[in-house]
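What follows is one structure encoded as structure tokens, with my remarks underneath.
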Amino acid sequence: MQRPHAAFEMNITAPCVVSLVWRLEDTQGQLIDELQDPVEFFYGGDDLLDKVEEALAGQEAGFETKLHLEPEHAFGDYNPELVFFEERSVLPELIEPGMQFDGVPEGAVTPGLPEDAIYTVTEVYPSHVVLDGNHPLAGIALRMAIQVRDVREATDEEIQAGSVGQPAITLMTGDAPDGSPLH
């Protein structure tokens, strides 16, 4: 595939930036995410799953592949210990399922929760709220069809950050509002 602006094809090697489109489904074929317009990701940092980086290594623009990712190679196994009840009174008044907190919500009284998790409100009751610190795709095996649209050198800022700073996947299931970024 010849691109008029490219003098040569660049192979995917760390650090670089890859422009990808993809279709992400669960193993039952239910659509989870689809990038129809190319999105840039930093290769060799925090933007892509390890198995995706392995599949892209050494490839160039135009490369296509299909991957099957078990939970341990995607968003991890589901941990029931990260699901907990919190008193409704310690959380914001206007709270609803799908809302997320980056870290333990301020005022939470449940001890020992990981500070670096993103907590999703899964249920709201008059006296308490159910919060889940698992990634929304934890415990799910995934199928991913990927196409590399472009490869370019990473800027010094991208190399220093280890990221181009965009969310990896947008949720298209009923677990959170459409378009909510998954981390």
Side-chain angles (χ1 to χ4, degrees), residues 1-3 5-6 8-80 82-83 98 100 102 114 116-120 122 132-155 158-183:
M1 177 168 110
Q2 182 66 25
R3 294 188 317 268
H5 67 280
F8 65 94
E9 292 291 329
M10 181 175 171
N11 287 347
I12 299 172
T13 57
C16 71
V17 174
V18 294
S19 180
L20 304 175
V21 293
W22 66 44
R23 181 174 176 88
L24 181 67
E25 301 174 342
D26 64 18
T27 55
Q28 304 302 311
Q30 182 177 345
L31 180 65
I32 294 171
D33 184 53
E34 186 168 26
L35 293 178
Q36 294 179 338
D37 296 322
V39 174
E40 289 188 329
F41 297 92
F42 185 82
Y43 180 88
D46 300 326
D47 286 358
L48 295 167
L49 298 170
D50 290 343
K51 288 292 183 181
V52 172
E53 286 205 355
E54 286 177 24
L56 298 178
Q59 303 299 329
E60 59 187 34
F63 174 73
E64 294 183 57
T65 191
K66 292 184 179 181
L67 302 174
H68 175 88
L69 303 168
E70 288 298 325
E72 63 268 18
H73 297 123
F75 297 97
D77 291 319
Y78 188 82
N79 181 352
L82 292 177
V83 179
Q100 293 184 319
D102 192 2
D116 61 347
I118 293 176
Y119 292 92
T120 303
T122 59
D132 188 345
N134 287 288
H135 187 284
L137 297 178
I140 299 174
L142 303 169
R143 288 188 215 157
M144 188 173 209
I146 303 169
Q147 182 185 36
V148 178
R149 292 289 180 88
D150 197 15
V151 182
R152 68 170 175 81
E153 291 183 23
T155 66
E158 291 164 337
I159 292 169
Q160 186 174 357
S163 174
V164 294
Q166 298 187 17
I169 296 174
T170 54
L171 190 62
M172 298 181 77
T173 67
D175 293 341
D178 285 350
S180 298
L182 296 183
H183 304 275

Given the options V52, V18, D46, F41 meets side-chain contact (heavy atoms from CB on, under 4.5 Å) only with V18

Under 3.5 Å, side chain of D47 to main-chain N/O of F42, donor-acceptor pair present? yes

Above 12 or not: heavy atoms from other molecules or residues under 6.0 Å from CD of E70? yes

Treating Q59 as the side-chain partner and L56 as the backbone partner, does any N or O pair qualify as donor plus acceptor under 3.5 Å? no

Donor-acceptor contact present, side-chain N134 to main-chain N79, <3.5 Å: yes

Show, in sequence, the C-alpha distance, side-chain angles and deciding distance for K51 and M144, and conclude whether the side chain to side chain contact (heavy atoms under 4.5 Å, CB included) test is met. CA-CA 11 Å; K51 288 292 183 181; M144 188 173 209; over 6 Å; no

Given side chain to side chain contact (heavy atoms under 4.5 Å, CB included), test F75 with I140 step by step and report yes or no. CA-CA 8 Å; F75 297 97; I140 299 174; over 6 Å; no

d(L20 CG, F63 CZ) to nearest 0.5 Å is 10.5 Å

How about Y78 and D132: do any of their side-chain heavy atoms sit closer than 4.5 Å? yes

Nearest-0.5 Å distance, CD of residue E54 to CG of residue L67: 9.5 Å

Given the options V151, D150, V17, M10 meets side-chain contact (heavy atoms from CB on, under 4.5 Å) only with V151

Start with the C-alpha distance between D26 and I32, add both sets of side-chain angles, then the distance that settles side chain to side chain contact (heavy atoms under 4.5 Å, CB included), and finish with yes or no. CA-CA 7 Å; D26 64 18; I32 294 171; 4.0 Å; yes

Can you tell me how far CD of E60 sits from OG1 of T13, rounded to the nearest 0.5 angstrom? 12.0 Å

Do the side chain of R143 and the main chain of T27 share a donor and acceptor less than 3.5 angstrom apart? yes

Taking the side chain from E53 and the backbone from G44, do they hold a donor-acceptor pair closer than 3.5 Å? yes

One should read off an interatomic distance between H135 NE2 and L82 CG, to the nearest 0.5 angstrom, of 13.0 Å

Please find the pair of heavy atoms, one from D77 and one from A138, that lie closest to each other, and give the distance. O-CB, 4.0 Å

Checking side chain to side chain contact (heavy atoms under 4.5 Å, CB included) for the pair R23/L31: CA distance, chi angles, key distance, verdict? CA-CA 8 Å; R23 181 174 176 88; L31 180 65; 3.5 Å; yes

Where Y119 and G133 come nearest, the two heavy atoms and their spacing: CD2-CA, 3.4 Å

One should read off an interatomic distance between D33 CG and W22 CH2, to the nearest 0.5 angstrom, of 6.5 Å

Distance-minimising heavy-atom pair for A74 and L49: O-CD2, 3.4 Å

At what distance, to the nearest 0.5 angstrom, does NE2 of H68 lie from CG of L142? 8.5 Å

